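The block underneath contains the structure these notes are about, expressed in structure tokens.
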Amino acid sequence: MALDYSEKVMDHFSNPRNVGEIENPDGVGEAGNPKCGDIMKIYLRVRDNVIEDVRFKTFGCASAIASSSMATEMIKGKTVDEAWDLTNRAVADALDGLPPIKMHCSVLAEEAIHRALNDYRSKHGLEVLPIEEFDHEHDHCSV
Ligand code: FES
């Protein structure tokens, strides 16, 4: 069955932004999706509390790659606190929606970004923040 992807999903999947790695990143985070085994890794370059550069590597489906691409675009130039507030729902909305059975794929980006931000925070003497447990069965946060 072909899924009904938005033009934005197809654009970010075919031409993903910010793919790659950052050497000696200020923060790095990884998230895996227990539903399918896909993995996303994110690298941050932070200057004066602002995300100056961000790169990702995603071994996953079209929705995961498009979500990673859009999420990196959305946190670039933001402060580390602003970036923390990015939700998978906001990423999916910015992509003009994801098919309901693909919403769980967008969670990879949110989780990997949170882990990368916490890595940055722990290296800079900042409080490490709790990462919300995601309900992968029902595609929403359980808290
Ligand atoms: Fe694995 Fe989409 S099916 S992240």
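Ligands are counted one by one from 1 in listed order, and the atoms in each one are counted from 1 as well. Just so it is clear, the model here is predicted, and its values are computed rather than measured. Numbers for residues simply follow the sequence, beginning at 1.
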Return the set of residues passing side-chain contact (heavy atoms from CB on, under 4.5 Å) with P16 (not counting sequence neighbours), or none when no residue passes.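 Counting only residues at least two positions away or on another chain, P16 forms a side-chain contact (heavy atoms from CB on, under 4.5 Å) with V19, F56, I65, S69.
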The side-chain contact (heavy atoms from CB on, under 4.5 Å) partners of A112 (sequence neighbours excluded) come to A31, M40, I42
Check: Do NZ/NE/NH1/NH2 and the carboxylate oxygens of K57 and E21 come within less than 4.0 Å?
Finding: yes
Near atom 2 (Fe) of ligand 1, meaning under 2.8 Å, the protein N/O/S atoms are C61 SG, C105 SG
Mark yes when over 12 heavy atoms from residues, nucleotides or ligands other than D4 sit less than 6.0 Å from its CG; otherwise mark no.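 Open: at most 12 neighbouring heavy atoms sit under 6.0 Å from CG of D4.
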Checklist line | Pairs where residues 70-101 contributes a residue and the test ring-ring contact (aromatic ring centres under 6.0 Å, His included) is met, not counting sequence neighbours | finding: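 Residue pairs passing ring-ring contact (aromatic ring centres under 6.0 Å, His included), neighbours aside: W84-H114.
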Shared hydrophobic cluster for L98 and M10 (ILVMFWY, side-chain gaps under 4.5 Å):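 Yes, because L98 and M10 connect within a single hydrophobic cluster, where side-chain heavy atoms sit under 4.5 Å apart.
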